[in-house]
Structure formats: structure tokens, C-alpha cells
Student: 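What follows is a structure written as C-alpha cells; I'll ask about it next.
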Protein chains: 2
Amino acid sequence: MMFSKSLEYALRAVIYLCNESSEHAKLNINQISTAIDSPEPFTAKILQTLVRRNIIASTKGPGGGFFIDSKAKPIPVIDIVDATDGRSAFERCGLGLKECSESRPCPIHNEFKSYSYKLQNLLTKKTVQDLARGVSEGKSFVTNF
Amino acid sequence: MMFSKSLEYALRAVIYLCNESSEHAKLNINQISTAIDSPEPFTAKILQTLVRRNIIASTKGPGGGFFIDSKAKPIPVIDIVDATDGRSAFERCGLGLKECSESRPCPIHNEFKSYSYKLQNLLTKKTVQDLARGVSEGKSFVTNF
DNA sequence: CCAATAAAGGATATAAAGGTCTTTTTATTG
DNA sequence: CAATAAAAAGACCTTTATATCCTTTATTGG
Ligand code: FES
Ligand code: FES
């Protein structure tokens with residue numbers, strides 16, 4: 001696939017929020033970007049779009065910040081992809097041809113579509129909560145040293 | 001994966017050359033970029049780097065142009081990747097962490113590495129000639145309508 | 001109501017990828 | 001040898017992704 005920086009930061013932030021925040025323990029942008037070691041204003045922009053899409057929540061003012069109600073419905077990873085990069089990388093021709101179809105396939109069409117389908121499937125089944133679990137159990141990390 | 005434009009044009013050009021050129025039937029940059037519908041000067045740059053890497057050959061002067069001796073040794077697709085995009089996308093952390101290792105994996109490390117390994121393997125085994133064969137048999141295409 | 005705090009919004013800056021143009025070098029042919 | 005054809009080389013331009021900055025809006029506690 002090759003994730004954009006926006007998607008990388010979005011995923012790390014959302015996983016972090018999933019473990020560390022709640023309606024009663026909001027985190028401000030400085031806390032988040034410090035934790036996941038991402039550029040603060042850029043991360044703010046990204047989180048804003050996630051809020052607009054109702055993937056995460058936020059409140060303004062003192063004591064405000066971003067949070068995820070982790071008891072809320074599971075968030076498929078593909079939702080974060082849709083919010084940041086969109087799905088065009090999956091749909092276009094892997095060799096950049098204008099048309100991508102079974103009737104006029106490029107030489108990598110079959111492999112590419114098969115992979116592309118499997119990956120979308122995986123991203124749809126896998127939730128942010130699944131990824132967050134590994135982190136909370138100390139098996140994986142979203143932070144640099 | 002997500003190929004760069006350079007890699008897309010490189011692959012289409014090399015596949016085209018594989019079928020349509022030989023030491024005695026060289027193609028100039030105008031013929032190539034017209035055929036594969038790619039920006040001519042940009043494609044020229046890309047082919048220059050492939051020549052420098054001895055993936056394709058070229059001669060200057062009237063009657064000159066680019067060519068592949070198709071009876072020459074098979075060209076693994078990974079060679080084109082190495083020449084254009086390099087392999088860093090395979091090696092870095094999929095979530096952009098500074099370190100990527102078994103001892104400090106991010107939440108997608110295992111899936112990412114497994115996919116990354118399989119893809120590199122596929123690109124190593126699959127040759128440009130394999131891809132060109134489909135095109136010469138009319139089963140696939142490197143050109144737009 | 002006021003001061004402080006924090007996100008939202010919008011304009012702007014920087015870097016990298018993608019693409020073009022001009023000049024130089026090399027080879028061929030009449 | 002001159003004219004021409006073609007790639008090589010290098011400077012330059014454009015667009016998109018990445019990132020920052022500044023102003024506005026909403027919320028809270030005193
Ligand atoms: S035609 Fe290229 S991936 Fe479908
Ligand atoms: S640590 Fe993220 S892919 Fe290895």
C-alpha cells in the first residue's frame with residue numbers, strides 16, 4: 001500500500017486515543033503529538049478531519065481536547081484510510097493506465113487487484129481497537145523511544 | 001505498494017521495449033512515449049537512469065534509440081523498482097516510526113512485514129519478460145486506447 | 001461578564017514528486 | 001567534413017503533499 005504521512009499520524013493518534021482517552025479524560029493536541037512524536041499543527045489538522053467524520057470526538061475550552069469513547073462502536077481501519085488518503089489507490093490501474101478493467105487489463109492487473117481486494121478486506125475487518133489492544137498489552141508500540 | 005509515476009512509466013516502457021525493440025530495431029524516445037502515452041522528457045529521464053544501470057541499452061546518433069536484447073538475461077521487476085523508487089518503502093515502518101524491528105513492533109508490523117516480504121519475493125521472481133509475454137499474446141496491455 | 005484554554009478554520013510556507021526546456025555530446029550518412 | 005539525428009546532462013518550472021502560523025469560535029471557572 002504505502003501510507004501517506006497523514007494516514008500514519010492519524011492511525012497512531014487514533015490508536016493512542018483509544019487507549020489513553022475517554023469522555024472524562026480528554027487529551028489536547030499537544031499531549032497527543034508529543035506522545036506519538038508527530039508535528040503538532042499538522043496532526044491537529046488531521047484530527048479535525050477525523051472529528052468532522054465522527055471518527056473521534058472533541059470539545060473546545062479549558063479541559064477540552066480529543067477523545068474516543070472506547071466503549072463506542074468499533075472503528076474499522078478502512079474508515080481512517082477513507083478519511084485521509086481515500087480509496088483511489090485501490091481503484092486505479094497499478095501501472096497508471098487510464099482504464100482498469102478485466103477487458104483491458106495491464107500486465108499486473110490480476111496480481112494487483114487480488115492484493116488490493118485482500119488488503120481492503122483486511123482493513124475493513126481489522127479495527128482500531130484491535131490494534132490498540134496490542135499496544136495496551138505492551139506487545140506493540142505507537143511511540144518512538 | 002503504490003508505485004510512483006516514475007516506476008509506472010519505467011515498467012510500461014521496458015515491457016514495450018521488450019516486445020518491440022531489438023539491437024537492430026531501436027526505438028527513439030518519441031516513439032516510446034507516444035506508444036505508452038507518457039510525458040516525453042520525463043520518460044527520457046527515466047530511461048536514462050535505466051541505461052546507466054544497464055537494464056536497457058541505448059545508442060546516440062541517427063538510427064539510434066533505446067532497446068532491450070530480449071534474448072539477453074531476464075530482468076526481474078525488482079530491478080526496475082530499485083532503479084526508480086528504491087526499496088525504502090519495504091524497509092521503513094509502515095506507521096512511520098523511527099525504528100522497525102521485532103523487538104519494538106508497531107501494531108501493524110507483522111502484517112506489514114509479511115506482505116512486504118511476499119511482494120519483494122514476487123517482484124524478484126517475476127520478470128519483465130513474463131509481463132511482456134502477456135502483452136505480446138494480446139492478453140494484457142501497456143497502452144491506453 | 002471576564003480571562004484563560006483549547007479546538008476550528010483559513011491562509012501561508014516548504015519539500016518532494018512530477019514534468020519541461022535548453023545545451024552538450026555522440027554517432028551516422030551523404 | 002558538414003548536416004542531421006538522437007541520447008545525455010543539467011537547469012528550471014509546476015503541482016501536490018507536508019507542515020506551520022494566525023485568527024476565530026466555543027467552553028469553562030472565577
Ligand atoms: S489495468 Fe492495471 S491494474 Fe487494472
Ligand atoms: S515497526 Fe512498524 S512496520 Fe515494523
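Order of the sequence lines sets the chain letters (A, B, ...), proteins ahead of strands, with each chain counted from 1.
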Student: Look at the side chain of B:K45 and the base of C:dG18, then say whether one donor and one acceptor between them are separated by less than 3.5 Å.
Tutor: no
Student: Phosphate oxygens OP1/OP2 of C:dG19: is one of them under 4.0 Å from a side-chain N or O of B:Y9?
Tutor: yes
Student: Once you apply the 3.5 Å cut-off to both distances, tell me the Watson-Crick or G-U wobble partner of C:dG30, or none.
Tutor: D:dC1
Student: Using a 4.0 Å heavy-atom cut-off, does A:P41 contact any base of the nucleic acid, only the sugar-phosphate backbone, or nothing at all?
Tutor: base
Student: For the side chain of B:P62, counting heavy atoms from C-beta on, which of C:dT28, C:dG10, C:dA8 is nearest?
Tutor: C:dT28
Student: Judged by modelled atom types alone, do B:S38 and B:S33 share a side-chain donor-acceptor pair under 3.5 Å?
Tutor: no
Student: Please set out all donor-acceptor pairs under 3.5 angstrom arising from side-chain atoms of residues 51-66 of chain A, sequence neighbours excluded.
Tutor:
| unit_1 | atom_1 | unit_2 | atom_2 | d |
| --- | --- | --- | --- | --- |
| A:T59 | OG1 | A:K26 | NZ | 3.4 |

Student: Could you tell me the boundaries of the chain B footprint on DNA chain D, defined by atoms under 4.0 Å from its heavy atoms?
Tutor: D:dT4 to D:dA11
Student: How many Å lie between CG on A:L27 and C1' on C:dA6, as a whole number?
Tutor: 13 Å
Student: Using a strict 4.0 Å threshold on nitrogen-to-oxygen distance, state whether B:R12 and B:D37 make a salt bridge.
Tutor: no
Student: Scan side-chain atoms only and decide if A:T124 and A:N121 contain a donor-acceptor pair under the 3.5 Å cut-off.
Tutor: no
Student: Less than 3.5 Å apart, any donor N or O on the side chain of B:R104 or A:T143 sitting next to an acceptor on the other?
Tutor: yes
Student: Taking 4.0 angstrom as the limit, do B:K126 and A:E111 come out as a salt bridge?
Tutor: yes
Student: How is A:I29 classified with respect to the nucleic acid when contacts are heavy atoms under 4.0 Å: base, sugar-phosphate, or nothing?
Tutor: sugar-phosphate
